[in-house]
Amino acid sequence: MSRKRHKKSVIKTVILIGLSLTISLLWENRKTANSNPLIPIAPVENPPPNLLKPRKLKTPHSAPAAPSPKPPEQPLVFAPPAHFRSQIVYRASINNSKVIALTFDDGPSPETLKILEVLQKQQVVATFFCLGANLREYPEIGKRVVQAGNAIGNHTWHHYSHNVTEKTASNEIDNTGVHIYRSTGAKSFLFRPPGGHLNNGLADYAKKKNYVVVIWSIDPKDFLQPSVAAITRSVLSQATSGAIVLLHDGGGNRQQTVEALSAIIPKLKQQGYRFVTVPQLLQMQAGQKQRIANQKTQ
């Protein structure tokens with residue numbers, strides 16, 4: 001019995017020594033861990049490229065293709081057929097169609113807007129011979145004249161009727177041409193001398209510059225402000241195919257002219273007339289002449 005007890009005592013002693021050693025080791029590891037914490041690894045700046053993967057080459061961004069330039073817009077030109085250049089025209093010779101051209105002088109002015117309203121309501125066009133000084137004052141009205149499908153012509157700057165030098169004629173006509181272009185974007189080779197005067201130097205200069213000098217064949221003298229009935233009667237009684245009618249949209253109150261138009265246009269339409277601009281009228285004459293010439297050669 002004494003041996004068994006001794007054996008058990010030795011085993012207990014060994015177990016206790018083992019536990020003590022284990023506890024002691026664990027305690028030492030804990031102290032070491034607390035006194036020496038793990039130091040985080042700093043990220044590497046500029047890491048080397050991954051040699052296993054091919055490096056992607058940056059393709060340069062190609063510049064966007066430049067848009068193709070727009071062709072320059074051609075200005076609107078009011079011009080007669082070539083053989084009318086530097087000529088004086090009172091009317092057109094047209095036998096195969098009933099056409100007539102209304103023309104208005106001395107604008108643009110606020111009265112022009114009233115005339116445009118009548119023309120648009122009746123769906124007809126006309127030709128406006130404008131003063132440069134008025135175009136400078138009312139450029140937007142001049143622009144509306146052309147935008148509505150009408151033709152525009154040169155009526156000098158000051159409306160001089162006395163004799164002028166070539167330099168003065170140049171200033172009067174060329175400066176007006178500049179303002180026609182500035183206000184409407186159009187160029188015009190239509191010229192009407194103030195008062196229809198042909199021998200004071202203005203018409204000669206215009207012909208030298210290849211304008212067609214446009215006079216008229218019907219003048220109801222509306223600038224004197226006669227009655228509406230008088231204006232209407234004068235135009236209707238003289239109407240013929242190819243006629244050019246002189247009226248006014250500037251120089252004063254034109255209410256009689258506005259009201260007369262509202263009567264003249266419908267009545268001429270009833271008679272079979274069509275209303276055209278001066279360039280259209282002259283083009284029709286040129287076309288008729290060419291057809292006659294072609295028939296003779298056949």
Side-chain angles (χ1 to χ4, degrees), residues 72-93 101-108 112 125-139 141-143 145-146 150-217 242 244-246 248-251 276-287 289:
E73 293 185 3
Q74 296 298 320
L76 181 63
V77 178
F78 295 106
H83 67 271
F84 283 104
R85 296 289 185 96
S86 304
Q87 302 298 312
I88 300 172
V89 172
Y90 292 85
R91 62 185 305 278
S93 298
L102 299 174
T103 66
F104 298 90
D105 284 10
D106 300 346
T112 307
V125 291
T127 303
F128 290 77
F129 289 94
C130 297
L131 294 172
N134 287 354
L135 280 168
R136 183 176 62 182
E137 185 173 0
Y138 302 108
I141 298 179
K143 184 177 181 179
V145 166
V146 173
N150 303 289
I152 195 167
N154 192 316
H155 198 42
T156 75
W157 188 273
H158 289 109
H159 205 276
Y160 289 151
S161 58
H162 57 74
N163 292 344
V164 299
T165 64
E166 183 167 328
K167 186 178 186 321
T168 299
S170 170
N171 291 335
E172 289 289 307
I173 295 172
D174 295 345
N175 288 339
T176 299
V178 168
H179 278 268
I180 286 174
Y181 183 75
R182 285 181 180 174
S183 60
T184 70
K187 294 183 178 181
S188 180
F189 289 91
L190 311 174
F191 175 72
R192 174 169 285 166
H197 297 291
L198 296 173
N199 300 311
N200 64 354
L202 291 168
D204 288 338
Y205 180 81
K207 289 191 289 182
K208 185 177 179 180
K209 290 295 183 175
N210 286 325
Y211 283 83
V212 57
V213 178
V214 182
I215 310 298
W216 54 83
S217 59
I244 297 175
V245 182
L246 171 63
H248 293 80
D249 63 321
V276 296
T277 65
V278 169
Q280 290 170 337
L281 191 72
L282 299 181
Q283 185 62 55
M284 291 178 72
Q285 176 177 322
K289 184 178 179 181

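The side-chain heavy atoms of Glu172 and Val164, taken from C-beta on, include no pair separated by under 4.5 Å. Put simply, the side chain of Val125 reaches to within 4.5 Å of the side chain of Gln280, judged on heavy atoms. Side-chain contact check for Thr184 versus Val145: every heavy-atom pair is 4.5 Å or farther apart. The closest side-chain heavy-atom distance from Asp174 to Tyr205 is below 4.5 Å. When side chains are defined from C-beta on, His197 does not count as touching Asn199, because their heavy atoms never get closer than 4.5 Å. A heavy-atom distance below 4.5 Å is found between the side chains of Phe191 and Ile173. By the 4.5 Å heavy-atom criterion applied to side chains, Ser188 and Val77 are not counted as neighbours. Side-chain contact check for Gln285 versus Phe84: some heavy-atom pair is nearer than 4.5 Å.
When all heavy atoms are compared, the tightest approach of Val276 to Met284 is CG1-SD, 4.4 Å. What you find for His83 and Ala286 is that their closest heavy atoms are CE1-CB, 3.6 Å. Here the shortest heavy-atom pairing between Pro108 and Ile141 reads CB-CG2, 3.7 Å. Taking all atoms of both residues into account, the shortest heavy-atom contact from Ala186 to Phe78 is CB-CE1, 3.7 Å. Here the closest heavy-atom approach between residue Val89 and residue Val212 is recorded as CG2-CG2, 3.7 Å. Across Arg91 and Ile244, no two heavy atoms sit closer than the pair CA-CD1, 3.9 Å.
Defined by atom type and a distance below 3.5 Å, a donor-acceptor pair is present between the side-chain atoms of His159 and Asp106.
A donor-acceptor pair under 3.5 Å is absent between the side-chain atoms of Thr112 and the main chain of Gly107, judged by distance alone.
Note: Thr277 OG1 to Ile152 CD1 = 12.5 Å, rounded to the nearest 0.5 Å. If you take SG on Cys130 and CG on Asp249, they are separated by 6.5 Å, rounding to the nearest 0.5 Å. Taking CD1 of Ile215 as the reference point, atom CD1 of Ile88 lies at 6.5 Å (rounded to 0.5 Å). The CG atom of Asn175 sits 7.5 Å away from the OG atom of Ser170 when rounded to the nearest 0.5 Å. The distance from the CZ atom of Phe129 to the NE2 atom of His155 is 8.5 Å, given to the nearest 0.5 Å. Note that OG1 of Thr103 and CG of Asn150 are 11.5 Å apart. Values are rounded to the nearest 0.5 Å.
Using bins of under 30°, 30° to 60° and over 60° for the plane-to-plane angle, the ring pair Phe104/Phe128 lands in the parallel bin. Using bins of under 30°, 30° to 60° and over 60° for the plane-to-plane angle, the ring pair His158/Tyr160 lands in the parallel bin.
The side-chain hydrogen bond (donor to acceptor under 3.5 Å, both in side chains) test applied to Ser86 returns Asn210, not counting sequence neighbours.
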Trace of the side chain to side chain contact (heavy atoms under 4.5 Å, CB included) decision for Glu166 with Lys208: CA-CA 11 Å; Glu166 183 167 328; Lys208 185 177 179 180; 2.8 Å; yes
Check step by step if side chain to side chain contact (heavy atoms under 4.5 Å, CB included) holds for Arg192 and Asp105. CA-CA 9 Å; Arg192 174 169 285 166; Asp105 284 10; 2.9 Å; yes
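At least one cation-pi condition fails for Arg85 and Tyr211: the charged atom is not both under 6.0 angstrom from the six-membered ring centre and inside a 45 degree cone around its axis.
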